[in-house]
There are 2 protein chains.
Amino acid sequence: MSKELSERKKKILHALVDLYIATGQPVSSADIQKGYMSDVSSATIRAELSALEALGYVDQPHTSAGRVPLKPAYQLYVGDIEHMGAGALTDAETAFIRSRFADKLSEVRDISKRAAEIISDVTNYTSFFVSLRGGSVVIDEIKLVPLKAGKVLVLIVTDEGIIADKTITVSEGVRHEYIESATRMLNNVFAGRTIGELEGMDLDSELNAETDSFRDIFDAVLAIIQTYMAEHGDDVVVEGALKMLDYPEYNNVEDAKNFLAVISDHDSVSELLAEAEDSIEFSVRIGKEDSGVDKCAIITASYKVGDEVVGRAGVIGPERMDYKKVIGVLEYMKKALGAVLDDDKDKD
Amino acid sequence: MSKELSERKKKILHALVDLYIATGQPVSSADIQKGYMSDVSSATIRAELSALEALGYVDQPHTSAGRVPLKPAYQLYVGDIEHMGAGALTDAETAFIRSRFADKLSEVRDISKRAAEIISDVTNYTSFFVSLRGGSVVIDEIKLVPLKAGKVLVLIVTDEGIIADKTITVSEGVRHEYIESATRMLNNVFAGRTIGELEGMDLDSELNAETDSFRDIFDAVLAIIQTYMAEHGDDVVVEGALKMLDYPEYNNVEDAKNFLAVISDHDSVSELLAEAEDSIEFSVRIGKEDSGVDKCAIITASYKVGDEVVGRAGVIGPERMDYKKVIGVLEYMKKALGAVLDDDKDKD
DNA sequence: GTTAGCAGTCGGAGCGATTGAGTGCTAGCA
DNA sequence: TGCTAGCACTCAATCGCTCCGACTGCTAAC
């Protein structure tokens, strides 16, 4: 792979991957000649293929079979696509996408879910969407709301909305002044900080004689934030997990099970996406041997609002997947999502 | 099936199901004789089997094969088990269950999830757990909490906790008196009612000239409740969905896919469980032809706190599943869950 | 460097023989 | 009348075999 391939070799390789993606069958020299290179004979193509095999780009399942692309071939192919521009979507497809985004979705989670659905439906592959709000949520304000029976509802208001599902019981009863000073204390400590910051901090040091009397409330608030962190670290949505089973690559139960196990575990999905490098917009990885999703390719794209990456979408499919289409869809989603998110911003 | 089977036929049938559950292979007359009826010859058993086949209890995949139980056979078998008492769990199993319930779980959802996990892990089948809090949640109180910038947080306090994920914007600003009268109005209408009641009611009739000025707040509250209904109607947890793929019955991708599609759709799971009759404690259904989960048996159990059914657990597995064990586990869970829930009640 | 032509390879489909598990039947026995 | 021993029969599954055809690799000629 040190040397550049000749133009003809590249052309043959591209044709081979194209055909293999379309049919899933080993590609013969005659196939390539018929569809792509009627100017030379199949024998010539055979000779080239033989060379490509030696270079590790293609493989032969057995002596009398056609050639099958290997990882380097896919990589070259994907590179070509990114150069040449992605495949355009059909009108029906763009219409479909727009219609699915037509209803107003307010929750971030709903948008992620819808986006993942759309991607999966249009591409017919398994898709996932991760909203990266992790540590960057800013705590605006903490409110304590007295309820009946010595209970206090803790409200944590952030720029992303409210984290408020915890009632705590206070020993002191619900004296008004007590609640007020507790609220002051909590806001001193927490307000204006991001959740990410809190994680690394030594919070005990912030406590002093005065605040120490609110110790239990303080601990409760901290617990809520930590729970929130754990649950919402990265919000992962997976759609169309079962679609993978339609492809012959996963037509045996063992592999299918493996795949589903990985894909249903949100942590591993998050990890898969995290490996995408930040610097590039599209990242295609093919055949991760470890991690149970070998025989797969993963294409990811990052979505930004302003300068900040707010989400990352991905498609996972068989190595021989329709890269053009998938990249096209992810590309188009960038526009569509941008519109939805901006809309959402305006509403606030 | 009109006539009672002879004791010997029953015994043979029971043996046959036992063996079939253990091996998954068609059972021969010799097998039955060896393990269960050394007092008569295989020829006699063959004659009985032949009769049972005519009665529709068993089937022969082909002329020279053993017999396989049909639905009626399973039903008889399950009836026997329920009579005779379920299989006792091993010490290791009960210890495992207790240890998994050892950590304090406060959220209803966490408990459901844990329970489903335990059931699935001990039985090695797919399990689900539905918390039926649906319409019976009582609204205790509605609170409006003013936030910065003309926004108001709506809090709906119920006996099950708080539904509070909605901020609304009020045109009037956040004048204290306005908020107070709105709160009064809302509590007049909603407090003390269950969510289920609200659904059937003509709420507009409750509005009068006075309340009409709070129309937007009123509508917002209603919307929140309706959203809650839709999302929390029945809280369904499914665990170990992939375990089904270990059983040869689902060793082909087509069936596996079908099964997973049903099981991942919480609505259909909810439906499956809803079909369990309320009157009986254990409900076993075998081979629902429609609904994609044919070739399956479903065992459900209801769990009560006091007199109220709070949840329903189920196990779904191949028809030839280890009924004794599953029923034993569900039975034991009744005790274990009872303890956890009571504990939880005490804490409140 | 390219091509036509041909021999060689190998997977897969199709076919028949063989095996063996398990039955149904029948004649004889208690 | 009910049970059993024994035997003939059936049929899925397995194996081995051949045949077919889709490809390739090679070689000799252009």
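Quick caveat, the model's predicted, so the values are computed rather than measured.
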Margin query: Distance under 4.0 Å to a non-hydrogen atom of chain B counts as contact; along DNA chain D, which nucleotides mark the start and end?
Written below: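 Range of nucleotides within reach of chain B: D/dC3 to D/dA12.
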Interatomic distance, [X] [atom1] vs [N] [atom2] [rounded to whole Å]:
{"X": "A/R46", "N": "C/dA4", "atom1": "CZ", "atom2": "P", "result": "11 Å"}
{"X": "B/L49", "N": "C/dA21", "atom1": "CG", "atom2": "C1'", "result": "15 Å"}
{"X": "B/H62", "N": "C/dA21", "atom1": "NE2", "atom2": "C1'", "result": "8 Å"}
{"X": "B/I45", "N": "C/dG24", "atom1": "CD1", "atom2": "C1'", "result": "15 Å"}
{"X": "B/Q60", "N": "C/dG22", "atom1": "CD", "atom2": "C1'", "result": "8 Å"}

Check: When you look at B/L16 and B/I32, which way does the side chain to side chain contact (heavy atoms under 4.5 Å, CB included) test go after all the steps?
Finding: CA-CA 7 Å; B/L16 184 127; B/I32 295 179; 3.9 Å; yes
Margin query: Please enumerate all residues that pass side chain to side chain contact (heavy atoms under 4.5 Å, CB included) together with A/I97, with sequence neighbours excluded.
Written below: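 Scan of A/I97 (side chain to side chain contact (heavy atoms under 4.5 Å, CB included), adjacent residues dropped) gives A/L89, A/F101, A/I118, A/V122, A/Y332, A/M333, A/A336.
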Checklist line | Pairwise 5' ranking along DNA chain D for B/T63 and B/R8, keeping only the more 5' one | finding: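 Between the two, 5'-proximity favours B/R8.
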Please determine whether the number of non-hydrogen atoms from other residues, nucleotides or ligands lying under 6.0 Å from atom [atom1] of [X] exceeds 12.
{"X": "B/H62", "atom1": "NE2", "result": "yes"}
{"X": "A/D91", "atom1": "CG", "result": "no"}
{"X": "B/E254", "atom1": "CD", "result": "no"}

Item checked: Closest non-hydrogen atom pair, B/A256 against B/L245 ->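 Scanning both residues completely, I find the closest heavy atoms to be CB-CD2, 3.4 Å.
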Next item on the list: Could you tell me which residues satisfy ring-ring contact (aromatic ring centres under 6.0 Å, His included) with B/Y247, sequence neighbours excluded, listed by chain and number?
Entry: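 ring-ring contact (aromatic ring centres under 6.0 Å, His included) list for B/Y247, sorted by chain: B/Y125.
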Margin query: Restricting to ring-ring contact (aromatic ring centres under 6.0 Å, His included), what partner residues turn up for B/F128, sequence neighbours left out?
Written below: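 With sequence neighbours excluded, B/F128 shows a ring-ring contact (aromatic ring centres under 6.0 Å, His included) to no residue whatsoever.
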Next item on the list: Sort out for me which residue in A/K324, A/K10, A/Q75, A/H14 forms a side chain to side chain donor-acceptor pair (under 3.5 Å) with A/D80.
Entry: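 By the side chain to side chain donor-acceptor pair (under 3.5 Å) criterion, A/D80 pairs with just one of A/K324, A/K10, A/Q75, A/H14: A/H14.
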Check: Which parts of residues 9-23 of chain B get close to DNA chain D, meaning a heavy atom less than 4.0 angstrom away?
Finding: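 Hits under 4.0 Å, by residue number: none.
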Note to self: For DNA chain D, which residues of residues 24-44 of chain A approach it to below 4.0 angstrom with any heavy atom?
What the structure shows: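 By residue number: A/S28, A/S29.
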Note to self: Could you walk me through whether A/Y77 and A/L13 satisfy the side chain to side chain contact (heavy atoms under 4.5 Å, CB included) test, starting with their C-alpha distance in whole Å, then the side-chain angles of each, then the deciding distance to 0.1 Å, before giving a yes or no?
What the structure shows: CA-CA 8 Å; A/Y77 181 80; A/L13 214 42; over 6 Å; no
Notebook entry, point to check: C/dG24, C/dG20, C/dT9: which one has an atom nearest the side-chain heavy atoms of B/S64?
Noted result: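 Per side-chain heavy atoms of B/S64, the pick is C/dG20.
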Note to self: One pair to check against side chain to side chain contact (heavy atoms under 4.5 Å, CB included): B/K243 and B/D121. What are the steps and the verdict?
What the structure shows: CA-CA 9 Å; B/K243 286 190 179 134; B/D121 283 351; 3.0 Å; yes
